[in-house]
Amino acid sequence: MGNIYTELGVRPIVNALSTYTRLGGSIMPPEVTAAMAEASRHFVDLAELQQAVGRRIAELTHNEAAYVSSGAAAGLVIATAACIAGADPAAIRQLPDLTGLKNEVVVHKAHRNGYDHAVRSVGVKLVEIGSALHTARWEMEAAITERTALAFWTQAGMTGKGDLPLETFIEVAHAHGVPVLVDAAAQLPPVENLWRFTQMGADLVVFSGGKDLHGPQSSGLILGRKDLIAACALHGNPNGGICRPMKVGKEEMVGILAAVQWYLGLDHEGRAARHEQMVAEWCAALNRIPGVRAERSFPNGAGQPVPRARVTLDAAQVGLNAEEVVERLLNGDPSIAVVPDGPDSFYLNPYTLHEGEEQIVLQHVSALLAARQPA
Ligand SMILES: *Cc1c(COP(=O)(O)O)cnc(C)c1O
């Protein structure tokens, strides 16, 4: 079956992995693509559209204000810039030169990850607190100085038990007049997270539009304090600030608004029940194959409340180890992406599959794992 991808020689992938950027994030529902197509047919004042869309998204998500970025990582850059330079035109023009400006960001050592490069790209120094295993309140108190521009929190799979509770992190930062930025890029579901972190007191929270929100892949949300969101708009396009290269188009602005509306209206309980059913059916079927153990695993790798099936293999019995299975599935027809987990196991993730694809995944995984078994 030819499509716009196969005509380019690019193979579509059945995604039992996750809302990974490198696989295309998520698939926009027709409500979103229709809104984008309509937006593409008219000229409009981009700054006015950003404001109008932001107001609407803020209302829908119970936040003071909202800004559409070109992704969560871009949101981290713009939010950092807004916390440092605010709405001061001279400071906005001066960035990324931080001479005379606050230039430090307090962060849990345990939260360091590839995406904090977005925060660092504004030129700040990350001041780490705690260890991989434990962080104490006094360590955060001691790390905050008159140079501290913001306190940065990542909510993800690595957010751990040894961290300060987010409530404490916010309390300590605010006691020193320091704003808190939360990277919650992949923290949907649950939908309530769109307002949970800001209601806890976080000043700005960033979400990816191209993950479970099912918005345009190159979109993101910054939600939070009105004055800081207003500053974000001054740093971003169409203005010439540090975030001008991270352009957000009219189609993305309208598309992510449609995605937020669509997402809020989803039957989240029904969706969760379908995911449980898919995982249960996968496990029941795969457990019938000798040398294979499949079990429900929860939450998923990003800490989202979505179940996955963890499949563990006895390579001697199956004739393949888990890494070989993952590779063969990806190189198969259709190409199926699953979650690698070393030589012994892999995961099947239900929440990025289209209706009916769970059967395709099961057929191909079963056939591969049972191939060496005596008939
Ligand atoms: C995916 C992700 C990002 C980046 O999101 P984009 O919308 O792709 O820019 C940032 N932080 C975390 C924790 C993520 O999972």
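Start at 1 and go down the list; that is how both ligands and their atoms are numbered. Both backbone and side-chain heavy atoms feed into the values below; hydrogens, waters and symmetry mates do not.
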- Message: Checking side-chain hydrogen bond (donor to acceptor under 3.5 Å, both in side chains) between Q277 and each of R274, E281, H275, which is the one that passes?
- Response: E281

- Task: Sequence neighbours left out, what passes salt bridge (Lys or Arg N to Asp or Glu O under 4.0 Å) with D88? Give chain and number order.
- Result: none

- Message: Tell me whether the count of non-hydrogen atoms from other residues, nucleotides or ligands lying under 6.0 Å of CD in E192 goes above 12.
- Response: yes

- Query: Parallel, tilted or perpendicular: which describes the rings of F207 and F197, with under 30° parallel and over 60° perpendicular?
  - Reply: tilted

- Residues forming a side chain to side chain contact (heavy atoms under 4.5 Å, CB included) with T154, sequence neighbours excluded: H111, N113, F152, A156, M158, D183

Could you list each nitrogen or oxygen of ligand 1 that sits under 3.5 Å from a protein nitrogen or oxygen, with the atom names and the distance?
from     : atom 1 : to   : atom 2 : distance (Å)
ligand 1 : 7 (O)  : A72  : N      : 2.8
ligand 1 : 7 (O)  : S208 : OG     : 2.6
ligand 1 : 8 (O)  : T21  : OG1    : 3.3
ligand 1 : 9 (O)  : A72  : N      : 3.1
ligand 1 : 9 (O)  : A73  : N      : 2.9
ligand 1 : 11 (N) : D183 : OD1    : 3.3
ligand 1 : 11 (N) : D183 : OD2    : 2.6
ligand 1 : 15 (O) : K211 : NZ     : 2.8

- Message: My understanding is that a hydrophobic cluster links ILVMFWY residues whose side chain heavy atoms are under 4.5 Å apart, including indirect links. Using that, what else belongs to the cluster containing V339?
- Response: I13, L17, Y20, L23, Y347

